[in-house]
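Worksheet for the structure shown next.
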Amino acid sequence: MTQRGTLSVAVVGTGRMGADHVRRIDEVTAGARVAAVVDVDGERAKSVAAGVEGCTAYTEPAAAMADVDAVLIASPGPAHEAALLAAFEHDLPVLCEKPLTPDAASALRILEAEQKLGHRRVQVGFMRRYDAEYVKLKALLDSGQLGRPLMLHNRHRNAASPPGFTDAMLINDSVVHEMDVTRWLLGQEITAVTVLRPTPTGNAPEGLSDPQFVVFETDGGALVDVEIYVNCGFGYQVQAEAVCEYGTARIGDGHAMVTHMAGRWGGTVAQDYVERFAQAYDHEVQAWVDATRRGEVTGPSVWDGYAAAAVCEAGVRAQSEGRRTEVELIDRAALYA
């Protein structure tokens, strides 16, 4: 297949994540350049654009899409639907940071709109699928060497939660990643969610029940648990252990380098997701650019974004109502028939 030249990209949203993607495309990614940036804060957009040669600032996504090859959406979740639909009007390939949209109903509208185009246009930004350790674990599970996966244990810890962080955000902003990697690693849909709450840590801000223990059931009969603890105090830590018929496999111990000095041994713990998954973000964007230049769309799909939104909704209900809650998904076979 013929590969097009340098890809001109419009980055929508220039907050922390968007600005980091602008830097990544400008300095790290091969085969692409940032041609436009968009932000409702015009001054911030101008400031980011000023640091990139040949980049123009806009305040409206549609205005930036008239003369680019692709779009990267990193604006807040509630703004994603409008930006995605604008990209579809131009038939542009999109890398959309999670969430695809904030709820299952709007995600389903995006799914139906992409269906009408007759071809895929969206890669959803679930970056853990591009992390070297997760990729290795996925390959091992797919090989069948360990037999059928029976359980998956996950730990997701942050040093401290940002101001205004809520119980629902524990599910929608944090555990959503475990929802996606569970579906991806196991090749199974999540069918029910239960949320349990131990006594909160004294480090949690008032009104936040932290930590929490989340349990998924899957249509393949696996059980998955997630310890979500966003005020652990010591750093950012993501770990996963698959328990299978013939053995187990664990990632995320972070033992790339261990030091011995001054009568002690140890290593370091990443302090946030940008540090821990820096290479995953690099690989994700490069894979998107490479596929787009080949005229292809790969990676997490709109269905994956929709499924994650549906599981999030079940998770928030389970959390607030204190009971096991089933996930409501449309019939995928009928949708793609």
Side-chain angles (χ1 to χ4, degrees), residues 1 3-4 7 9-13 17-18 20-22 24-25 28-32 34 68-75 77 80-81 83-84 87-88 91-101 107-108 110-111 113-115 117-139 141-142 176-190 238 240 251 273-274 276-312 332 335-336:
M1 183 174 291
Q3 181 165 285
R4 69 172 73 181
L7 200 70
V9 179
V11 177
V12 179
M17 193 76 262
D20 193 48
H21 279 315
V22 169
R24 178 170 291 107
I25 295 172
V28 179
T29 309
V34 181
V68 295
D69 301 317
V71 181
L72 191 157
I73 298 174
S75 52
H80 286 188
E81 183 176 7
L84 284 161
F88 289 172
D91 200 21
L92 292 172
V94 182
L95 172 56
C96 181
E97 276 295 345
K98 67 89 184 168
L100 175 69
T101 63
L108 183 56
I110 295 300
L111 188 61
E114 189 185 53
Q115 284 282 96
L117 292 176
H119 48 259
R120 275 192 66 183
R121 268 296 172 244
V122 182
Q123 174 182 320
V124 181
F126 288 117
M127 80 294 184
R128 289 194 193 177
R129 298 192 186 199
Y130 297 88
D131 175 71
E133 289 188 77
Y134 274 103
V135 168
K136 188 174 293 186
L137 178 58
K138 170 68 170 171
L141 294 178
D142 286 352
V176 63
H177 286 289
E178 279 74 27
M179 294 170 182
D180 181 68
V181 294
T182 291
R183 298 179 57 257
W184 178 62
L185 288 173
L186 304 184
Q188 301 170 20
E189 293 291 359
I190 297 170
V238 168
I251 62 172
Y273 68 93
V274 173
R276 165 63 180 85
F277 288 110
Q279 289 189 335
Y281 281 116
D282 288 349
H283 293 162
E284 172 191 52
V285 174
Q286 188 65 67
W288 174 64
V289 168
D290 290 345
T292 300
R293 294 177 68 208
R294 295 193 305 269
E296 301 174 1
V297 181
T298 60
S301 67
V302 169
W303 175 267
D304 294 315
Y306 161 71
V311 179
C312 279
R332 188 177 187 181
L335 177 72
Y336 289 96

- [ ] Look only at the side chain of His80 and the backbone of Thr101, and say whether a donor-acceptor pair between them is shorter than 3.5 Å.
- [x] no

Open item on the list: If you define the side chain from C-beta out and look only at heavy atoms, does anything of Arg276 sit under 4.5 Å from Asp131?
Closed with: yes

Task: Check: Ser301 main-chain N/O paired with Asp304 side-chain donor or acceptor under 3.5 Å - done: yes

- [ ] Applying side chain to side chain contact (heavy atoms under 4.5 Å, CB included), run through Leu185 and Tyr134 and close with a yes or a no.
- [x] CA-CA 8 Å; Leu185 288 173; Tyr134 274 103; 4.2 Å; yes

Open item on the list: I'd like to know if the side chain of Lys138 reaches the main chain of Trp184, judged simply by a donor and an acceptor atom lying under 3.5 Å from each other, with no hydrogens or angles considered.
Closed with: yes

Open item on the list: Could you check whether any side-chain N or O of Glu81 sits under 3.5 Å from a backbone N or O of Ile110, counting only pairs where one atom can act as donor and the other as acceptor?
Closed with: no

Task: Short side-chain to backbone donor-acceptor contact, Arg120 and Val122, under 3.5 Å - done: yes

Open item on the list: One thing to verify: whether Asp20 and Arg24 come together as a salt bridge, which I'm taking to mean a side-chain N less than 4.0 angstrom from a carboxylate O.
Closed with: yes

Open item on the list: For Asp91, give me all partners under side chain to side chain contact (heavy atoms under 4.5 Å, CB included), at least two apart in sequence or on another chain.
Closed with: Leu117, His119, Arg121

Open item on the list: Regarding Glu178 and Arg128, does a basic nitrogen lie under 4.0 Å from an acidic carboxylate oxygen?
Closed with: yes

Open item on the list: Side chains of Pro99 and Val176, heavy atoms from C-beta outward: is any pair under 4.5 Å?
Closed with: no

Task: Audit row: Val311, Thr182, side chain to side chain contact (heavy atoms under 4.5 Å, CB included) steps and yes/no - done: CA-CA 11 Å; Val311 179; Thr182 291; over 6 Å; no

